[in-house]
Protein chains: 2
Amino acid sequence: MVTLAEVAQHAGVSASTVSYVLSGKRSISAATRQRVEESIRELGYHPNAGARALASSRSNIIALMVPLRTDMYVPVMMEIAIAVATTARAHGYDVLLLTGEEGPDAVRRVTGSGLADAMILMDVELDDERLPLLRASGQPSVLIGLPADATGLTCVDLDFTATGALCVEHLAMLGHRDIAVVGEAAAVYERHTGFAERTLEGLRTRAGELGMRLLHRPCEGGYDAMAVTLARIFDERPDTTGFVVQNESAVEPLLALLRQRGLAVPEDVSVVAVCPDQVAVQASVRLTAVAVPAQEMGRRAVDRLVAKLEGRGEDEVVLLAPELSVRASTGPAPSAARH
Amino acid sequence: MVTLAEVAQHAGVSASTVSYVLSGKRSISAATRQRVEESIRELGYHPNAGARALASSRSNIIALMVPLRTDMYVPVMMEIAIAVATTARAHGYDVLLLTGEEGPDAVRRVTGSGLADAMILMDVELDDERLPLLRASGQPSVLIGLPADATGLTCVDLDFTATGALCVEHLAMLGHRDIAVVGEAAAVYERHTGFAERTLEGLRTRAGELGMRLLHRPCEGGYDAMAVTLARIFDERPDTTGFVVQNESAVEPLLALLRQRGLAVPEDVSVVAVCPDQVAVQASVRLTAVAVPAQEMGRRAVDRLVAKLEGRGEDEVVLLAPELSVRASTGPAPSAARH
DNA sequence: CAAACACGTCGAAGCGCTTCGACGAGCCCT
DNA sequence: AGGGCTCGTCGAAGCGCTTCGACGTGTTTG
């Protein structure tokens with residue numbers, strides 16, 4: 001391994017000069033800088049990460065905590081993770097991948113050891129047990145998701161409440177009165193995952209205001225689970241003409257099952273999805289959907305975090321406004337005469 | 001931040017003793033050990049990662065390089081990544097997430113800076129430009145995937161050649177003669193991704209041996225792309241009765257399109273998929289499939305890597321034997337009388 | 001019964017870097 | 001012309017840890 005000292009010797013300057021060339025924290029004459037840079041290139045020097053971290057107490061690493069569970073939203077998670085990694089690199093940071101498995105311990109470990117300078121948390125629950133620790137640690141952090149109490153925290157998320165409202169409004173405008181919501185797996189609600197509960201709240205509130213009937217059913221996803229769920233829905237509410245789906249792995253099964261029942265989309269029933277655009281566009285019917293802007297969320301989270309690390313930027317909740325793209329899966333409700 | 005020295009003072013021992021308690025590299029009396037451990041707990045001590053890395057020249061970090069592109073196999077990637085992270089933690093390592101974006105530079109950077117002790121590479125191309133660097137660096141590494149030349153490297157992968165052969169054999173046994181392969185996006189083949197090319201090779205070779213006709217078509221995935229691809233396939237080979245699909249996002253569209261053409265699965269056409277079991281089970285028809293054992297691959301890769309880091313284990317190519325699970329999407333070919 | 005050997009502990013020397021204060025050299029200002 | 005600047009560079013002091021050799025003690029062994 002080539003060291004700073006070797007570079008310094010090779011360039012005929014002192015070690016500190018090389019360091020300052022690297023960091024730019026003091027002015028260096030053009031001639032010296034050039035000589036040093038050449039030596040660096042020639043010797044193939046790479047600063048030692050550990051030594052750097054020790055001396056500067058900054059690791060240039062951002063920890064990203066992703067949910068362990070693969071029971072939901074995998075493509076979204078992946079997209080966020082990749083956006084985080086890419087954006088972080090652009091700012092000179094690397095990304096440490098933590099799984100949710102360790103839970104709060106991971107927060108302690110990373111904070112305590114100085115392994116990372118900052119954290120990004122995904123899959124935040126409304127009353128997440130990691131949050132008190134995070135607040136106490138004083139470590140810069142950003143949540144992707146929105147807990148019940150966000151004081152003292154920075155959050156980036158899609159405005160899921162507005163998302164729910166938007167879906168309902170769209171269906172209302174088209175004349176639908178009976179709406180069914182196909183949600184995430186029951187477990188997702190049981191652990192009070194922010195986005196799921198907020199969407200539901202938005203749906204319910206706006207539906208109430210607009211005098212619509214709303215039936216919410218969690219669904220594991222997959223064909224069989226969706227079949228059962230759909231049967232129940234029609235059992236309970238035979239007049240259902242609108243669906244809101246917030247579960248990527250239920251989308252295709254739902255479309256297939258509707259077809260199978262002889263129900264045409266969008267002539268007989270309308271479907272609004274909450275999913276990444278790519279999924280909406282690739283489905284067997286191009287879906288009217290509110291996009292989950294995964295990349296944007298990842299990017300924003302890192303930007304906010306870097307701002308904090310550089311002393312700019314204070315705590316703040318950033319809620320991205322939902323956008324509904326009308327595609328081929330929604331249309332006017334079949335006339336009331338149908339009854 | 002609590003330091004080793006503070007713990008030592010609190011416990012009334014020297015710093016080195018605390019260090020030895022932590023590492024277990026020298027014997028410590030039970031009494032001392034207990035006193036030290038208590039101090040650690042009481043003070044909430046966490047060893048500083050940077051200092052540790054500097055002093056020991058080991059970072060206890062494994063770098064995982066995932067493809068940047070989200071054009072393929074996202075759930076598989078995610079599953080592998082999570083398995084890697086989980087397994088690594090179990091061995092006391094953390095995982096650094098690198099995107100393919102940086103390419104070979106990332107290898108240089110990580111190797112040179114001592115940021116990570118070892119690397120895992122995913123999405124390996126047959127003639128991957130990162131490999132020479134990796135060999136030269138002498139850094140312990142494991143590939144998930146199999147390049148054309150694996151000398152001096154450790155690889156873990158599903159035996160995709162055998163996988164292809166297995167799919168063909170299954171269809172042959174059922175009496176199918178004309179087979180279509182719906183592959184990954186064309187770009188995947190263009191960059192000579194190992195698994196895609198090997199599967200194809202396995203399919204072709206075995207098909208040749210068994211006297212079957214094989215038509216391979218790359219496919220972007222999604223409904224529209226699949227529609228075009230399927231139309232072309234039937235144009236060119238109207239007698240096609242068997243499909244092999246190696247593209248998660250083409251599976252459901254294919255099933256939907258076949259249904260739409262009035263072709264029943266498995267009565268009229270059989271479909272074999274290469275995908276994770278979960279996808280196969282959740283599809284609208286339970287798919288006969290060769291499972292891609294994502295978790296297993298991630299786990300094995302880490303195990304091999306840790307073995308190397310501990311001085312055990314030499315270079316080796318681990319090819320997991322494919323397993324075909326027969327489900328509801330394959331059946332006897334419709335009698336030849338159909339012509 | 002002295003020599004040999006664990007065993008448990010300590011002190012000190014670094015690991016490779018950042019950063020602070022110091023210092024000479026050239027500059028401007030009055 | 002001399003005091004006060006700024007500019008570019010250097011030396012040295014750590015950052016918090018690991019690890020090596022050394023040093024008692026207590027225990028075995030020929």
Side-chain angles (χ1 to χ4, degrees), chain A residues 1-37 39-40 43-61 92 94 109-117 309, chain B residues 1-37 39-40 43-61 92 94 109-117 309:
Chain A
M1 278 308 78
V2 186
T3 70
L4 226 217
E6 291 170 328
V7 174
Q9 189 172 2
H10 185 273
V13 297
S14 77
S16 46
T17 300
V18 177
S19 177
Y20 286 122
V21 167
L22 250 33
S23 69
K25 294 194 178 173
R26 283 200 184 174
S27 50
I28 296 285
S29 70
T32 307
R33 159 174 296 111
Q34 205 166 332
R35 211 142 31 87
V36 170
E37 277 167 356
S39 295
I40 290 179
L43 301 179
Y45 169 69
H46 285 269
N48 182 89
R52 202 165 234 199
L54 176 56
S56 66
S57 7
R58 303 178 85 287
S59 64
N60 284 288
I61 289 181
D94 272 296
R109 195 165 57 86
V110 169
T111 312
S113 67
L115 229 189
D117 296 333
L309 285 167
Chain B
M1 277 309 74
V2 187
T3 70
L4 226 216
E6 291 170 328
V7 174
Q9 188 173 5
H10 185 274
V13 297
S14 76
S16 47
T17 301
V18 177
S19 177
Y20 287 123
V21 167
L22 251 31
S23 69
K25 293 194 178 174
R26 284 202 182 170
S27 49
I28 297 286
S29 70
T32 306
R33 158 174 295 111
Q34 204 164 332
R35 210 141 34 86
V36 170
E37 277 166 356
S39 294
I40 289 178
L43 300 178
Y45 169 71
H46 285 270
N48 181 90
R52 198 165 238 200
L54 176 58
S56 65
S57 6
R58 304 179 85 285
S59 63
N60 283 287
I61 290 181
D94 273 296
R109 195 165 58 83
V110 168
T111 311
S113 68
L115 230 189
D117 297 333
L309 284 167

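Chain naming here is simple, since letters A, B, ... match the order of the sequence lines and numbering starts at 1 in each.
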(request) Look up atom CZ in A:R52 and atom OG in A:S19, then write down how far apart they are to the nearest 0.5 Å. (result) 7.5 Å
Taking N or O atoms only and anything under 3.5 Å, show me the protein contacts with nucleotides 17-21 of chain C, one pair per line.
unit_1: C:dC17; atom_1: OP1; unit_2: A:Y45; atom_2: OH; d: 2.4
unit_1: C:dC17; atom_1: OP1; unit_2: A:N48; atom_2: N; d: 3.2
unit_1: C:dC17; atom_1: OP2; unit_2: A:L4; atom_2: N; d: 2.3
unit_1: C:dT18; atom_1: OP1; unit_2: A:R52; atom_2: NE; d: 2.9
unit_1: C:dT18; atom_1: OP1; unit_2: A:R52; atom_2: NH2; d: 3.4
unit_1: C:dT18; atom_1: OP2; unit_2: A:S19; atom_2: OG; d: 2.8
unit_1: C:dT19; atom_1: OP2; unit_2: A:K25; atom_2: NZ; d: 3.0
unit_1: C:dC20; atom_1: N4; unit_2: A:Y20; atom_2: OH; d: 2.6
unit_1: C:dG21; atom_1: N7; unit_2: A:R26; atom_2: NH2; d: 3.3
unit_1: C:dG21; atom_1: O6; unit_2: A:R26; atom_2: NH1; d: 2.3
unit_1: C:dG21; atom_1: O6; unit_2: A:R26; atom_2: NH2; d: 3.3

(request) State, with a plain yes or no, whether a side-chain heavy atom of A:V36 is found less than 4.5 Å away from one of A:I28. (result) no
(request) Please tell me if the side chains of B:M1 and B:N48 come closer than 4.5 Å, counting only heavy atoms from C-beta onward. (result) no
(message) With a sphere of 6.0 Å drawn around CD of A:E6, does it hold more than 12 non-hydrogen atoms of other residues, nucleotides or ligands?
(response) yes
(message) Does a side-chain N or O of A:S27 approach OP1 or OP2 of D:dG8 to a distance below 4.0 Å, or not?
(response) yes
(request) Find the distance between CG (B:L115) and NE2 (A:H46) and round it off to the nearest 0.5 Å. (result) 11.0 Å
(message) I need the CG-P distance between B:L115 and C:dC15, as an integer number of Å.
(response) 20 Å
